[in-house]
Amino acid sequence: QVQLVESGGGLVQAGGSLRLSCAASGYSFSTHGMGWWRQAPGKEREFVAAISWSGSSTYYADSVKGRFTVSRDNAKNMVYLQMNSLKPDDTAVYYCARSVGIIVPKRNDEVAYWGQGTQVTVSS
């Protein structure tokens, strides 16, 4: 069965960095787009970043553009989110997501599977 397991969350001061990892298993990793979403308390889950199956194309929400970088390693079935210059507004549970197919997922309805999430807390 498809499994997405996130790691790397934690508590960091504003201006700091974190690197999230997502380990994927149970399907053909290199033929699916992948993405990251986040959900803050009392808010809807929102798109953060996504990457194509080959890694050649990446997409970002305006709020994280220039600060976050999404990448993948198809040999290891891993996707990453490097987060720099973190702000208190970045505090949320971050979810790894697999697309419904080869497309790059940028909308909730383009996601077939979600990870369990990892908490990121940025203190001011």
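Since this is a predicted model, take the numbers as computed values, not measurements. Along the sequence shown, residues are numbered consecutively beginning with 1.
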Counting only pairs under 3.5 Å, give me each side-chain donor-acceptor contact of residues 98-107, with atom names and distances, residues two or more places apart or in other chains.
{"unit_1": "S99", "atom_1": "OG", "unit_2": "G33", "atom_2": "N", "d": "3.2"}
{"unit_1": "S99", "atom_1": "OG", "unit_2": "G33", "atom_2": "O", "d": "3.3"}
{"unit_1": "S99", "atom_1": "OG", "unit_2": "G101", "atom_2": "N", "d": "3.2"}
{"unit_1": "S99", "atom_1": "OG", "unit_2": "G101", "atom_2": "O", "d": "2.2"}
{"unit_1": "S99", "atom_1": "OG", "unit_2": "I103", "atom_2": "O", "d": "3.1"}
{"unit_1": "R107", "atom_1": "NE", "unit_2": "D109", "atom_2": "OD1", "d": "3.0"}
{"unit_1": "R107", "atom_1": "NH1", "unit_2": "E110", "atom_2": "OE2", "d": "3.4"}
{"unit_1": "R107", "atom_1": "NH2", "unit_2": "D109", "atom_2": "OD1", "d": "3.2"}
{"unit_1": "R107", "atom_1": "NH2", "unit_2": "D109", "atom_2": "OD2", "d": "3.3"}

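Counting all heavy atoms, side chain and backbone alike, A40 lies closest to A92 at N-CB, 3.8 Å. Across every non-hydrogen atom of S52 and S56, the tightest pair is OG-N, 3.3 Å. Of all heavy-atom pairs between Q39 and K43, the closest is NE2-O, 3.1 Å. Taking all atoms of both residues into account, the shortest heavy-atom contact from G26 to V2 is O-CG2, 4.1 Å. Across all their heavy atoms, L86 and L18 have their closest contact at CD1-N, 3.8 Å. In terms of heavy atoms, S30 sits closest to N74 at CB-ND2, 3.6 Å.
In this structure, W53 CH2 and S28 OG are separated by 10.5 Å, a value rounded to the nearest 0.5 Å. With rounding to the nearest 0.5 angstrom, the CG atom of N108 is 8.0 Å from the CD atom of E44. Note that the CG atom of L4 and the OH atom of Y95 stand 13.0 Å from one another [nearest 0.5 Å]. Between atom CZ of residue F68 and atom CZ of residue R38 there is a gap of 5.5 Å, rounded to the nearest 0.5 Å. Within the model, atoms CD of Q82 and OG of S71 stand 8.0 Å from one another, a figure rounded to the nearest 0.5 Å. How far CZ of R72 is from SG of C22: 10.0 Å, rounded to the nearest 0.5 Å.
In the hydrophobic cluster analysis, where Ile, Leu, Val, Met, Phe, Trp and Tyr join through side-chain heavy atoms closer than 4.5 angstrom, Y94 is grouped together with Y113. Y60 and M83 fall within a single hydrophobic cluster, where Ile, Leu, Val, Met, Phe, Trp and Tyr are joined by side-chain heavy atoms under 4.5 Å apart, directly or via other members. Hydrophobic cluster membership is shared by W37 and Y59, with clusters built from Ile, Leu, Val, Met, Phe, Trp and Tyr side chains linked at under 4.5 angstrom. Taken together through direct or relayed side-chain contacts under 4.5 Å among Ile, Leu, Val, Met, Phe, Trp and Tyr, I51 and W36 form part of one hydrophobic cluster. Follow the hydrophobic side-chain contacts under 4.5 Å out from V64 and you reach L81 in the same cluster.
Between K65 and D62 a salt bridge is recorded (basic side-chain N to carboxylate O distance below 4.0 Å).
Of the possible polar contacts, none joining the T121 side chain to the T91 backbone as a donor-acceptor pair under 3.5 Å is found. Judged purely by atom type and a 3.5 angstrom limit, E6 uses its side chain to pair as donor or acceptor with the backbone of C96. A donor-acceptor contact shorter than 3.5 Å is absent between the side chain of N77 and the backbone of Y27.
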